[in-house]
Amino acid sequence: MFNIVIFGPPGSGKGTQSERIIEKYQLKHLSTGDLLRAEKKSGSKLGEQIKALIDQGNLVPDAMVEQMVRAFVINNEKGYGFIFDGFPRTVKQAAWLQQMLKEVSADVDLLLSLEVEEEELKKRLLARGSISGRADDQNEQIIENRIKVYHSQTMPVIDFYKDLGKFAGVNGVGSLDEVFERICDTIDSYK
Ligand code: B4P
């Protein structure tokens, strides 16, 4: 089993590159953004709470996300491994993931961090917002809040994995093929 965390600020290409990674390396894709958006769409009471947080660019509480991740991992345990996309997003989630994977005799092998500067992130997200209709991609202030939340709550996760010797930074600027090639070179050097 080979488990990867794909990491980076909003708009850095996590979801986009995950699609390619799962195809090449036969990994199971766990996107907490996708899981949360599905719950949001369901119209449940929980979905309404999630909508209020996501649409303002804030994180959903750790416990809520962890519950979804646990269920997904347990239901998809028999495979080549997972790509965790957008999870963990806090140090608490990172510590929880270590513990939970231990229970199924697994571990995170690599955190791959996509590095993209802020102006490019804003450009990409606004472009997606004009097509996808995602409320959190359409308003510049909300995008700025997501980037601020990334700096304050999510970036410390990098040190957590650096301390474990499992961090790799990848330049996320360039064509989709160029970024994917850099990602594959990095993964192959860890496998
Ligand atoms: P996510 O769904 O994880 O969304 P994201 O960070 O906005 O997107 P991503 O990074 O995957 O998009 P991509 O760059 O691929 O999270 C949404 C929200 O859910 C969060 O704000 C939070 O509220 C909540 N949430 C999720 N996980 C959580 C957790 N663990 N804990 C708490 N809350 C959580 O794509 C962006 C655009 O860039 C696309 O249009 C793409 O085509 C384009 N793009 C990608 N690569 C490019 C390139 N190389 N060049 C040009 N454009 C590119």
Side-chain angles (χ1 to χ4, degrees), residues 4-22 29-41 46-73 82-97 100 108 111-157 160 170-183:
I4 301 174
V5 172
I6 189 152
F7 190 85
S12 55
K14 301 183 295 287
T16 307
Q17 294 295 340
S18 288
E19 298 299 331
R20 297 169 163 232
I21 297 169
I22 54 173
H29 186 202
L30 192 170
S31 159
T32 43
D34 287 351
L35 291 176
L36 291 166
R37 277 185 291 276
E39 187 66 45
K40 181 179 137 178
K41 233 178 160 180
L46 179 63
E48 281 172 28
Q49 291 169 24
I50 290 171
K51 178 175 170 19
L53 291 163
I54 290 188
D55 288 359
Q56 288 307 309
N58 294 317
L59 295 184
V60 171
D62 292 332
M64 219 182 258
V65 183
E66 287 163 7
Q67 202 181 344
M68 289 179 175
V69 172
R70 181 188 291 280
F72 189 96
V73 168
F82 292 96
I83 179 155
F84 295 96
D85 164 8
F87 184 89
R89 251 179 165 95
T90 63
V91 170
K92 191 173 162 288
Q93 290 179 10
W96 177 88
L97 181 63
M100 195 272 297
V108 168
L111 177 135
L112 216 147
S113 177
L114 294 172
E115 293 159 354
V116 179
E117 67 279 5
E118 192 164 327
E119 279 318 301
E120 172 72 11
L121 298 173
K122 284 190 201 166
K123 222 168 64 189
R124 290 183 187 180
L125 293 173
L126 287 169
R128 180 170 68 182
S130 69
I131 301 165
S132 72
R134 261 178 68 168
D136 60 341
D137 280 348
Q138 288 181 21
N139 175 310
E140 203 161 334
Q141 273 171 334
I142 291 172
I143 290 173
E144 279 166 4
N145 185 44
R146 289 162 67 193
I147 295 172
K148 200 173 104 208
V149 167
Y150 171 77
H151 284 289
S152 62
Q153 298 188 51
T154 305
M155 265 183 83
V157 171
F160 183 94
V170 171
N171 177 2
V173 181
S175 71
L176 299 187
D177 286 345
E178 282 164 351
V179 176
F180 184 57
E181 202 179 315
R182 289 178 206 136
I183 289 175

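Below, each value reflects all heavy atoms present in this structure, side chains not excepted, and no hydrogens, waters or symmetry copies. Numbering of ligands and ligand atoms starts at 1, following listing order.
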Peer 1: Would you say that R20 contacts I183 through its side chain, given a criterion of any heavy-atom pair below 4.5 Å between the two side chains?
Peer 2: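 A side-chain contact is absent here, since even the closest heavy-atom pair is not under 4.5 Å.
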Peer 1: So, regarding G57 and ligand 1 (criterion: nitrogen or oxygen to nitrogen or oxygen, under 3.5 Å), is there a contact or not?
Peer 2: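 No.
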Peer 1: Checking the side chain of D85 only, and the main-chain atoms of H29 only, is there a donor and an acceptor separated by less than 3.5 Å?
Peer 2: no
Peer 1: Contact between P9 and I147 at the side-chain level, heavy atoms closer than 4.5 Å - yes or no?
Peer 2: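 Contact flag for P9/I147 side chains = no.
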Peer 1: Does an N or O anywhere in V65 fall below 3.5 Å from an N or O of ligand 1?
Peer 2: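 Among all N and O atoms of V65, none is under 3.5 Å from an N or O of ligand 1.
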Peer 1: List the closest protein heavy-atom neighbour of atom 42 (O) of ligand 1: residue, atom name, distance to the nearest 0.1 Å.
Peer 2: T16 OG1, 4.0 Å
Peer 1: Give the atom numbers and elements of ligand 1 that come within less than 4.0 Å of a heavy atom of R134.
Peer 2: 4 (O), 7 (O), 17 (C)
Peer 1: Show the atoms of ligand 1 that are less than 4.0 angstrom away from any heavy atom in F87.
Peer 2: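 Once the distances to F87 are compared, the set is 30 (N).
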Peer 1: What residue and atom, counting heavy atoms only, is the protein's closest point to atom 40 (O) of ligand 1, and at what distance?
Peer 2: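 Heavy-atom neighbour on the protein nearest atom 40 (O) of ligand 1: R128 CB, 3.3 Å.
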Peer 1: Counting C-beta onward and ignoring hydrogens, is there a side-chain heavy-atom pair between F84 and L97 closer than 4.5 Å?
Peer 2: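 Yes, close enough: below the 4.5 Å cut-off.
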Peer 1: Counting heavy atoms only, name the option from R89, Q56, Q93 that's nearest to atom 28 (C) of ligand 1.
Peer 2: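 Going through R89, Q56, Q93 one by one, R89 has the nearest heavy atom to atom 28 (C) of ligand 1.
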Peer 1: Could you tell me if the side chain of P88 sits less than 4.5 Å from the side chain of V5, heavy atoms only?
Peer 2: yes
Peer 1: Using distance alone, decide if ligand 1 has a nitrogen or oxygen within less than 3.5 Å of any nitrogen or oxygen in G15.
Peer 2: yes
Peer 1: How close does the nearest protein non-hydrogen atom get to atom 51 (C) of ligand 1, and which residue and atom is it?
Peer 2: R124 NE, 3.5 Å
Peer 1: Taking the side chain from K14 and the backbone from G8, do they hold a donor-acceptor pair closer than 3.5 Å?
Peer 2: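 Between the backbone of G8 and the side chain of K14 there is a qualifying donor-acceptor contact (under 3.5 Å).
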Peer 1: To the nearest 0.5 Å, how far apart are CD in Q17 and CD in E19?
Peer 2: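 It is 10.0 Å, given to the nearest 0.5 Å.
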Peer 1: Number the atoms of ligand 1 from 1 as they appear, then name those within less than 4.0 Å of a heavy atom of G86, with their elements.
Peer 2: 27 (N), 28 (C), 29 (C), 30 (N)
Peer 1: Any idea which protein heavy atom is nearest atom 14 (O) of ligand 1, and the distance to it?
Peer 2: G13 N, 2.5 Å
Peer 1: Is there a nitrogen or oxygen of K14 sitting under 3.5 Å from a nitrogen or oxygen of ligand 1?
Peer 2: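 There is such a contact, yes.
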Peer 1: Looking only at protein heavy atoms, which one is nearest to atom 33 (N) of ligand 1, and what is the separation?
Peer 2: V60 N, 3.1 Å
Peer 1: State, yes or no, whether a side-chain contact exists between R89 and V149 at a heavy-atom distance under 4.5 Å.
Peer 2: no
Peer 1: Can you tell me how far the CD atom of E115 sits from the CD atom of E120, to the nearest 0.5 Å?
Peer 2: 14.0 Å
Peer 1: Backbone or side chain, does any N or O of D34 fall under 3.5 Å from an N or O of ligand 1?
Peer 2: no
Peer 1: Nearest 0.5 Å please: distance from the CZ atom of R37 over to the CD1 atom of I54.
Peer 2: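 Interatomic distance, R37 CZ to I54 CD1, rounded to 0.5 Å: 6.5 Å.
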Peer 1: Between ligand 1 and T32, is the shortest N or O to N or O distance under 3.5 Å?
Peer 2: yes
Peer 1: Could E119 and K123 be called an ion pair, given the rule that one side-chain N must be under 4.0 Å from one carboxylate O?
Peer 2: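 Result for this pair is no, no salt bridge flagged.
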Peer 1: How far is atom 34 (C) of ligand 1 from the closest protein heavy atom, and which atom is that?
Peer 2: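 Answer for atom 34 (C) of ligand 1: L36 CD1, 3.6 Å.
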Peer 1: Would S175 count as being in polar contact with ligand 1, using the rule that some N or O on each side must be under 3.5 angstrom apart?
Peer 2: no
Peer 1: Please walk me through it: do D136 and R128 pass salt bridge (charged side-chain N to carboxylate O under 4.0 Å, His left out)?
Peer 2: CA-CA 10 Å; D136 60 341; R128 180 170 68 182; 5.9 Å; no
Peer 1: Show the atoms of ligand 1 that are less than 4.0 angstrom away from any heavy atom in L176.
Peer 2: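 Listed by number with element: 46 (N), 47 (C), 48 (C), 49 (N).
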Peer 1: Of the protein's non-hydrogen atoms, which lies at the shortest distance from atom 5 (P) of ligand 1, and what is that distance?
Peer 2: R146 NH2, 3.8 Å
Peer 1: For atom 23 (O) of ligand 1, which protein heavy atom lies nearest, and how many Å away is it?
Peer 2: N58 O, 2.7 Å
Peer 1: Do any heavy atoms of R37 fall under 4.0 Å from ligand 1?
Peer 2: yes
Peer 1: Return the CG to CZ distance between L112 and R182, rounded to the nearest 0.5 Å.
Peer 2: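 If we round to the nearest 0.5 Å, L112:CG and R182:CZ are 12.0 Å apart.
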Peer 1: Please report the interatomic distance CD1(I50) to NZ(K40), rounded to the nearest 0.5 Å.
Peer 2: 9.5 Å
Peer 1: Considering the heavy atoms of G174, write down every atom of ligand 1 situated less than 4.0 Å from one of them.
Peer 2: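 Close to G174: 48 (C), 49 (N), 50 (N).
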Peer 1: Check ligand 1 against P10 and write out every atom of the ligand that is under 4.0 Å from a heavy-atom position of the residue.
Peer 2: 6 (O), 7 (O)
Peer 1: Short list, please: which atoms of ligand 1 are under 4.0 Å from a heavy atom of S12?
Peer 2: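 Every atom of ligand 1 under 4.0 Å from some heavy atom of S12: 10 (O), 14 (O).
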Peer 1: Less than 4.5 Å apart, side chain to side chain, heavy atoms only: is that true for E66 and Q93?
Peer 2: yes
Peer 1: Using distance alone, determine whether L53 and ligand 1 share an N or O pair under 3.5 Å.
Peer 2: no
